[in-house]
Amino acid sequence: MDNATYEKYKQAGRIAAEARDYGVSLLKPGVRLLEVASCVEDRILKNDAGLAFPVNIALNSLAAHYSPTHDDPRMFQKGDVVKLDVGAHMDGYIADTAVTIELGTHQYADLIRASEEALTKVINVFTTQLPLSEAGKTIESTITSYGFKPIENLMGHGLKRYELHSGVSIPNVGALGGKSTLHDGDVIAIEPFATNGAGHVTSSQGSNIYLCKDTLKAKFIRDNKTKLVCEKIRNNFGSLPFAQRWYHTLFPKDDLTMKKLMILGVVKQYPQLVEAKGGMVTQKEHTVIVREDGCEVIT
Ligand code: MN
Ligand code: MN
């Protein structure tokens, strides 16, 4: 990794982490999810970074993939276990980070600690020599030592320029990942999830988070309006996920065209990912640069 790229990663990391911590300061019962998501995104933009993905706010047994809609009425409540997941990029170089906060109660303090400690431990042993299954094993054994389960079908991931999930997966269990190792300078997000439920997630309803797929199908769009909307989506969001909220700002009264693009297979919506047995879920995530003798946390 050259020095200019390294500096961009460091900057993205600082801005994402600062926005995450600012978001945490806003989490209170009675506050709207929409308010927190908008404020955190504004903060990233004010710091001259780009939004790598919509701010994700996942409550309780929802593990990941929810972003408020433009008119989302939902409010935080006392006792909510909130996963706040934030991403910023500098010139396409992405930092991805998440934290779990329980609002006003301490019923799930151990579950929160389990995913936090799993992340700390795996970061402490991660090098270019560490087989990915060993990373998964470290996460799994830490979480099970608390009497909980890791979520086996959610994984950390490689990060590449303008690419949020770049092929390599960082498992949360020892049975996955095999003997493969990473290279010096690889950038990855590591994200242990812990639960008192089944230990896996299933897909649920829409997340309000979309992705414009790089597909030839866009070339065959016939009507001009759909074509125009598609171009504007590509110009604004490129290959990165975008929120219903952001689309709504561009096209306030045009949900129909979005539906058309989804039917055409040009745009897809991510599903919400819910714990299979309705277990409570916690998550902690950092982005790191992997080195021969360790790894550097940038968030
Ligand atoms: Mn994340
Ligand atoms: Mn991630």
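Ligands are counted one by one from 1 in listed order, and the atoms in each one are counted from 1 as well. Numbers for residues simply follow the sequence, beginning at 1.
- Within the 2.8 Å limit, Asp96 places at least one N, O or S atom next to the Mn ion (ligand 1).
- The minimum distance between the Mn ion (ligand 2) and any N, O or S atom of Glu191 involves atom OE2.
- Note: Phe237 and Trp246 have tilted aromatic rings, judged against thresholds of 30 and 60 degrees for the angle between ring planes.
- A pairwise comparison of heavy atoms in Thr299 and Ala17 identifies O-CB, 3.1 Å as the closest pair.
- Seen from the ring of Tyr162, Lys160 does not count as a face-on cation partner, given the 6.0 Å and 45° thresholds.
- Asp85 contributes atom OD1 as its closest N/O/S atom to the Mn ion (ligand 1).
- Using bins of under 30°, 30° to 60° and over 60° for the plane-to-plane angle, the ring pair Phe148/Tyr146 lands in the parallel bin.
- In this structure, His70 and His248 have parallel ring planes: the angle between them is below the 30° cut-off, well short of the 60° mark.
- Using a cut-off of 2.8 Å, one finds that His165 contributes no N/O/S atom close to the Mn ion (ligand 2).
- Atom OE1 is the N/O/S atom of Glu285 found closest to the Mn ion (ligand 1).
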